[in-house]
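Working notes, structure below.
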Amino acid sequence: VQLQASGGGLVQAGGSLRLSCVASFSSSTMGWFRQAPGKEREFVAAIGWSGAITYYADSVKGRFTISREGAKNTVYLQMNDLKPEDTAVYYCATSGYPLRKLLSEDAYDVWGQGTQVTVSS
């Protein structure tokens with residue numbers, strides 16, 4: 001059971017990054033969370049099995065897009081118009097629960113190692 005996240009880096013404000021996360025198994029729901037220095041981990045986005053249902057944190061709506069390739073057990077997070085406040089370690093996670101409603105963080109049971117995103121002003 002493994003999640004491998006990649007795609008982080010350093011970018012200027014207004015720039016874009018695309019995060020990827022590959023799972024070694026199939027899962028119902030895949031999500032992204034982030035943790036900034038000195039802050040608690042927070043939800044960013046989630047996507048259901050078919051990709052038809054997605055949820056976003058208010059802070060990223062309209063700028064971030066989550067998508068997935070079911071056959072590859074891969075989830076992506078396209079991040080556009082990045083802001084310095086988006087700087088954080090981004091984690092992908094999976095849940096066996098279907099995404100019929102926004103899931104709590106406790107519902108995610110497998111976590112990746114995190115990838116650093118740094119946005120300079």
Side-chain angles (χ1 to χ4, degrees):
V1 174
Q2 187 177 11
L3 290 176
Q4 185 69 40
S6 62
L10 173 64
V11 65
Q12 288 187 331
S16 298
L17 283 174
R18 188 193 196 204
L19 305 183
S20 301
C21 178
V22 182
S24 61
F25 55 96
S26 297
S27 64
S28 183
T29 296
M30 301 185 81
W32 288 97
F33 292 76
R34 66 186 182 186
Q35 187 168 20
K39 295 186 177 181
E40 293 187 353
R41 188 164 58 191
E42 64 176 3
F43 169 78
V44 176
I47 188 166
W49 169 252
S50 70
I53 299 175
T54 58
Y55 285 96
Y56 294 93
D58 288 342
S59 59
V60 306
K61 280 181 182 176
R63 299 187 299 121
F64 291 11
T65 302
I66 189 170
S67 60
R68 69 185 293 176
E69 289 187 69
K72 296 182 179 181
N73 295 324
T74 302
V75 64
Y76 304 99
L77 187 67
Q78 177 66 42
M79 305 185 295
N80 298 329
D81 190 23
L82 283 160
K83 303 176 181 181
E85 51 264 43
D86 294 318
T87 294
V89 177
Y90 283 70
Y91 299 90
C92 61
T94 65
S95 173
Y97 292 99
L99 193 62
R100 295 194 182 99
K101 62 178 183 179
L102 187 62
L103 300 177
S104 67
E105 189 172 319
D106 292 344
Y108 293 84
D109 50 6
V110 181
W111 293 80
Q113 84 286 4
T115 184
Q116 176 71 46
V117 172
T118 303
V119 185
S120 63
S121 57

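Nothing here was measured: the structure is a model prediction, and the numbers come from that model.
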Self-check item: Inter-residue atom distance Trp32.CH2 - Met79.CE, 0.5 Å rounding
Solution: 8.0 Å
Quiz item: Checking Arg68 side chain against Ser50 main chain: does a donor-acceptor pair fall under 3.5 Å?
Solution: no
Quiz item: How far apart are the closest heavy atoms of Gln78 and Ser16, and which atoms are they?
Solution: NE2-CB, 4.0 Å
Quiz item: Where is the tightest heavy-atom contact between Val89 and Gly114, given as atom of each residue plus distance?
Solution: CG1-CA, 3.8 Å
Exercise. Test Thr29 against Leu103 for side-chain contact (heavy atoms from CB on, under 4.5 Å), laying out the working first.
Key: CA-CA 9 Å; Thr29 296; Leu103 300 177; 4.0 Å; yes
Self-check item: Salt bridge present between Asp86 and Lys83 (N-O < 4.0 angstrom)
Solution: no
Quiz item: Which word best sums up how the rings of Trp111 and Phe33 line up, parallel for under 30°, tilted for 30 to 60°, or perpendicular for over 60°?
Solution: tilted
Quiz item: Is the closest side-chain heavy-atom distance between Phe43 and Tyr55 below 4.5 Å?
Solution: yes
Quiz item: Which heavy-atom pair separates Met30 from Ser27 by the least distance, and what is that distance?
Solution: CG-OG, 3.4 Å
Quiz prompt | Any donor-acceptor pair under 3.5 Å from Gln35 side chain to Lys39 backbone | solution = yes
Quiz item: Could you state the interatomic distance from CD (Gln4) to CD (Gln113), rounded to the nearest 0.5 Å?
Solution: 4.5 Å
Practice problem: Give the C-alpha distance, both sets of side-chain angles, the deciding distance and a yes or no for side-chain contact (heavy atoms from CB on, under 4.5 Å) between Ile47 and Val75. | Solution: CA-CA 8 Å; Ile47 188 166; Val75 64; 4.0 Å; yes
Quiz item: For Tyr91, is the NZ or CZ atom of Arg34 found under 6.0 angstrom from the centre of its six-membered ring and inside 45 degrees of the ring axis?
Solution: no
Quiz prompt | Spacing of NZ belonging to Lys101 relative to CD1 belonging to Ile53, to within rounding of 0.5 Å | solution = 13.0 Å
Quiz item: Going only through I, L, V, M, F, W and Y residues with side-chain contacts under 4.5 Å, is there a path from Tyr76 to Leu17?
Solution: no
Practice problem: Please confirm whether the backbone N or O of Ile66 pairs with a side-chain atom of Tyr56, one donor and one acceptor, at under 3.5 Å? | Solution: yes
Quiz prompt | Heavy-atom pair of closest approach, residues Val11 and Gly15 | solution = CG2-CA, 3.8 Å
Quiz prompt | Donor-acceptor contact present, side-chain Thr118 to main-chain Thr87, <3.5 Å | solution = no
Quiz item: Hey, is the main chain of Trp49 close enough, under 3.5 Å, to the side chain of Ser28 for a donor-acceptor pair?
Solution: no
Quiz item: Which pair of non-hydrogen atoms, one from Gly8 and one from Thr115, has the smallest distance, and what is that distance?
Solution: N-OG1, 3.1 Å
Exercise. Consider only side-chain heavy atoms of I, L, V, M, F, W and Y, link residues closer than 4.5 Å, and tell whether Val44 and Leu82 are in one cluster.
Key: yes
Quiz item: Any donor-acceptor pair under 3.5 Å linking the side chain of Ser95 with the backbone of Ala107?
Solution: yes
Quiz item: Are Leu102 and Leu99 connected in a single hydrophobic cluster, I mean Ile/Leu/Val/Met/Phe/Trp/Tyr linked by side-chain heavy atoms less than 4.5 Å apart?
Solution: yes
Quiz item: Taking all non-hydrogen atoms of both residues, which atom of Ser26 and which atom of Asn73 are closest, and how far apart?
Solution: OG-OD1, 3.4 Å
Quiz item: Are Leu19 and Val60 connected in the hydrophobic side-chain network, where two residues link if heavy atoms are under 4.5 Å apart?
Solution: yes
Quiz item: Hey, what do you get for CG (Asp81) to CZ (Phe64), rounding to the nearest 0.5 Å?
Solution: 9.0 Å
Practice problem: Please answer: with hydrophobic residues joined when any side-chain heavy atoms are less than 4.5 Å apart, are Tyr90 and Leu3 in the same cluster? | Solution: no
